[in-house]
Each structure stands twice: as C-alpha cells, then as structure tokens.
Amino acid sequence: MQSNSNYSMGTESARLAEMIANDFYDDRLDLSARNMGSGNTWAQMPEVECVEAIRCDPRISAKVVRLFLTFISAMDRARDAVRLWRAGFDLFETYPEVFNPIKASAMSFSVLRARLFESGVSQRHGPDTEAWRSIAGSLARRSGSVCRVIDSGVGDAKELLTDLRSRDRMGRSRFPMLRGPKLAPMWVRIMSSPGGADIDRIDIIPIAVDVQVRRVTENLKVTDTQGLKLKKAKPEIQSAWHKAVSAARIGGPSGIKGTCAALDPALWFYGKYGCAHCEKERQRVPIGRACNHCQLGFPLTAKGCRPRSSN
C-alpha cells in the first residue's frame, strides 16, 4: 500500500508538472525581469526559433529541417544551448552542404572540421567532427528507424531509441553523441516537435536530464538528489517526473501533449530562465506559479513579478 506521504508527494509533483507545462505553453510566464519579450515561450526555445527561421524558405523540405535538427542535437552537450542553435543556424545558411549526409560524409575531415570550428558549432573539434561524419555516413545509407523518421516523418519512439544505440559491423556507434541518456530522448522529442514527425509511443520518452532540468527539479524538491553525481541523479529525476506526468494533465504541441516529452522543454526553460536567474541574483524573482513552491532560501525581491492570469 502506498504511504500517505508518498501519495502526497506524488500529488504535489503532478500539480507542479501541470503548473510548469501549462504556464509555459499557455504563455502565462512573466519574463519582464529577465529583459525578455513576452509572448509565446515555446517559440523562444532555441531549436524552435531556428526551425521557424528555416521554414521561411518554402524551398526547404521537412526532411532537411529534420537533418538540421539531428546534426545540431548531436552537438548539444554541456554547453549553452541558445548559442549552439544560433551558431547552427548560421552554419546552415553559410554551408548547407554540411547538413547533407552524402556530401558531409564525403567531405574531407579538415574541411568539415574547419566549418564546424569557424561557426562555433563544435566544441571538442576533433571528436565532434568525427561524430558528425559518422552520423552523416549512417544517414547516407538510409537504413533503419532513424533514417526513416528523418526521410518520411514517421517513426516509433522505442524503435528509434534502439536504433540510436545500434552499432555497425565493425562495432562502432552509428549515431555517436545522439545515443546518450540525455540526447537520445531529447532528439526523439525534437523529431516530433518542432520536427513535425508523427511518432508512436512518444509517451515512453523520459525527461532529458541536464543541469537546467536538475536545477528546477531540486529547487522544487521533486527529488532529493543533491550531492549525487548526475549519472546517479538522472534515473531518480526521470522516475519522479514520469510519475508526476502520469497523474497530471499537461498541454503541449499535438505530437507530444500530455507526455514527459512535452514537460521536458518547459522544465529546461524554467531552469535556464527561472532558477538560474534567481541563483545568480540571490533573490527569488518568480516567472510562474510553480515558483511559489521553490525551496531556495533567497528573499522574494520587491521587484518580483506575478505570473500573468489566464483570464
């Protein structure tokens, strides 16, 4: 039998999941103290901004959009995501051929490395370039679930996760960087939204835990994982939010609505623009209703903003 304390904690986490996701998707967040424009916060996600800019050119296909999202997602680890995606967009405009699997896999290592380095897309230039070429080579062969979802916009979440972690005949990873515990679920979500793919069983996708997601999770006391290394904290954070989402009603784009995949970008946004700002200022400056449940021991600033009403 479930204890009253565990039931209460689960109910509270479900309420927090609803607040976070629905304030995010319903444009109720108050970002005025962050010098950020109000309006559609989903549209302010860096990958969404880039996709909308790319789609301004009607000649660019949905497949090309998903290729762009795939290559840049692979580079998104332990770095500023906003800067990365904007650098990726600049690279796409300047050298679109590096996002073409056939051309990129045939490109000399030195030329590809120079393109990624000069644009600011790569961080560890040698390993990042090698990963890019490996992913390009795998996509150029056009076999498997990953290739199919990029080409046709149809896939299955479980099959995609399995394919991401597959190896070639030589035992080498077919999709290095993308196969990890953070990037694999994030990429599947991105293929759906904003990538536009129709993905079955998207509800199995867990929260993609990074420093931002961990920050907001711990500040709201959804888990008690402080002091743990990130590798050990991840499964606890993912489990807590999965239980919360299963008992919550959350919004989101049609392909991911009501799932952890929908909560994931909202959590990231709260962590980056909510918690990180408050920790830097050492004051609580709320952006949404969930901020009222924050356990940070900072005072509420006199300039603290109130979340906008949905009325």
Side-chain angles (χ1 to χ4, degrees), residues 25 27 36-76 79-108 111-123 128-129 131-133 135-142 145-155 160 175 177-178 183 186-199 202 252-256 261-262 265 268-269:
Y25 289 111
D27 300 329
M36 296 174 64
S38 60
N40 191 336
T41 43
W42 165 249
Q44 295 182 53
M45 290 293 291
E47 68 271 24
V48 178
E49 279 188 329
C50 290
V51 166
E52 289 306 305
I54 290 172
R55 285 176 175 157
C56 287
D57 186 342
R59 298 170 298 176
I60 295 177
S61 68
K63 174 183 175 179
V64 171
V65 169
R66 288 190 285 269
L67 283 169
F68 166 80
L69 289 169
T70 297
F71 283 109
I72 300 303
S73 291
M75 302 290 107
D76 189 4
R79 59 186 304 183
D80 186 300
V82 175
R83 188 176 301 171
L84 167 65
W85 285 95
R86 289 176 179 172
F89 177 74
D90 291 341
L91 176 64
F92 181 82
E93 286 202 310
T94 307
Y95 299 108
E97 64 272 16
V98 304
F99 295 90
N100 181 306
I102 295 175
K103 292 181 179 179
S105 57
M107 195 175 293
S108 74
V111 170
L112 180 58
R113 184 183 186 279
R115 300 285 187 263
L116 301 181
F117 168 71
E118 291 164 4
S119 64
V121 165
S122 64
Q123 191 171 44
D128 287 354
T129 303
W132 192 290
R133 291 185 75 195
I135 292 170
S138 296
L139 294 177
R141 295 181 187 95
R142 302 185 68 181
S145 299
V146 170
C147 295
R148 186 162 57 252
V149 80
I150 292 172
D151 286 348
S152 65
V154 177
L160 288 169
F175 302 103
M177 309 294 200
L178 281 174
L183 293 186
M186 185 191 82
W187 175 81
V188 175
R189 186 271 295 172
I190 284 176
M191 286 297 96
S192 175
S193 296
D198 183 8
I199 299 178
I202 195 76
S254 60
I256 59 176
W268 179 86
F269 196 93

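Being a predicted model, the structure only gives us computed values, none of them experimental. Along the sequence shown, residues carry numbers from 1.
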Mind listing the closest non-hydrogen atom pair of A74 and I135 along with its distance?
CB-CD1, 3.6 Å
I need the minimum non-hydrogen distance between A81 and P46, along with the two atoms involved.
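Closest pair (atom of A81, atom of P46, distance): O-CB, 4.1 Å.
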With N100 via side chain to side chain donor-acceptor pair (under 3.5 Å) - residues at least two apart
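For N100, no residue satisfies side chain to side chain donor-acceptor pair (under 3.5 Å) once neighbours in sequence are set aside.
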So W187 and L160, do their side chains get closer than 4.5 Å, heavy atoms only?
yes
W132: what forms a ring-ring contact (aromatic ring centres under 6.0 Å, His included) with it, not counting sequence neighbours?
F71, F99
Any idea which heavy atoms bring I202 and A261 closest together, and the distance?
CG1-CB, 4.2 Å
For E97, give me all partners under salt bridge (Lys or Arg N to Asp or Glu O under 4.0 Å), at least two apart in sequence or on another chain.
none
If you measure from CD1 on I54 to CD on E49, what distance do you get to the nearest 0.5 Å?
12.0 Å
V149 versus V154: any side-chain heavy-atom pair under 4.5 Å?
no
Would you confirm whether Y25, through its side chain, and T41, through its main-chain N or O, come within 3.5 Å as a donor-acceptor pair?
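Answer holds: no.
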Rounded to the nearest 0.5 Å, what's the gap from CZ on R189 to OG on S73? Could you check?
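Spacing of CZ (R189) from OG (S73) equals 8.0 Å.
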Drop me the distance from S119's OG to E93's CD, to the nearest 0.5 angstrom.
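Reported to 0.5 Å precision, the distance equals 12.5 Å.
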Would you call E118 and R113 a salt bridge, taking side-chain N to carboxylate O under 4.0 Å as the test?
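No, this pair does not count.
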Might you point out which heavy atoms bring L91 and V121 nearest each other, and give the distance in Å?
CD2-CG2, 3.8 Å
Using a 3.5 Å cut-off and no angle test, enumerate the donor-acceptor pairs between side-chain atoms of residues 191-199 and protein atoms at least two apart in sequence or in another chain.
none

Less than 4.5 Å apart, side chain to side chain, heavy atoms only: is that true for K103 and V98?
no
Just verifying a value: how many Å separate M177 CE and L183 CG, rounded to the nearest 0.5 Å?
9.0 Å
I need the F68 CZ to F89 CZ distance, nearest 0.5 Å.
7.5 Å
Residues in salt bridge (Lys or Arg N to Asp or Glu O under 4.0 Å) with R55, at least two apart?
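With neighbours one apart ignored, the set is E52.
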Would you say I150 and C147 make side-chain contact, with heavy atoms under 4.5 Å?
no
Heavy-atom closest pair, residues A136 and S105:
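That closest heavy-atom pairing would be CB-N, 3.8 Å.
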Only one of L69, V48, D80 forms a side-chain contact (heavy atoms from CB on, under 4.5 Å) with W85, so which one is it?
L69
Any heavy-atom pair between the side chains of Q44 and M36 that's under 4.5 Å?
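They are in side-chain contact.
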Return the set of residues passing salt bridge (Lys or Arg N to Asp or Glu O under 4.0 Å) with R133 (not counting sequence neighbours), or none when no residue passes.
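Testing R133 for salt bridge (Lys or Arg N to Asp or Glu O under 4.0 Å), a comparison that skips the adjacent residues, returns none.
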Could you report the tightest heavy-atom contact between D128 and L116, atom names first, then the distance?
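Result for this residue pair: O-CD1, 4.3 Å.
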Spacing of D151 atom CG and R66 atom CZ [to the nearest 0.5 Å]:
8.5 Å
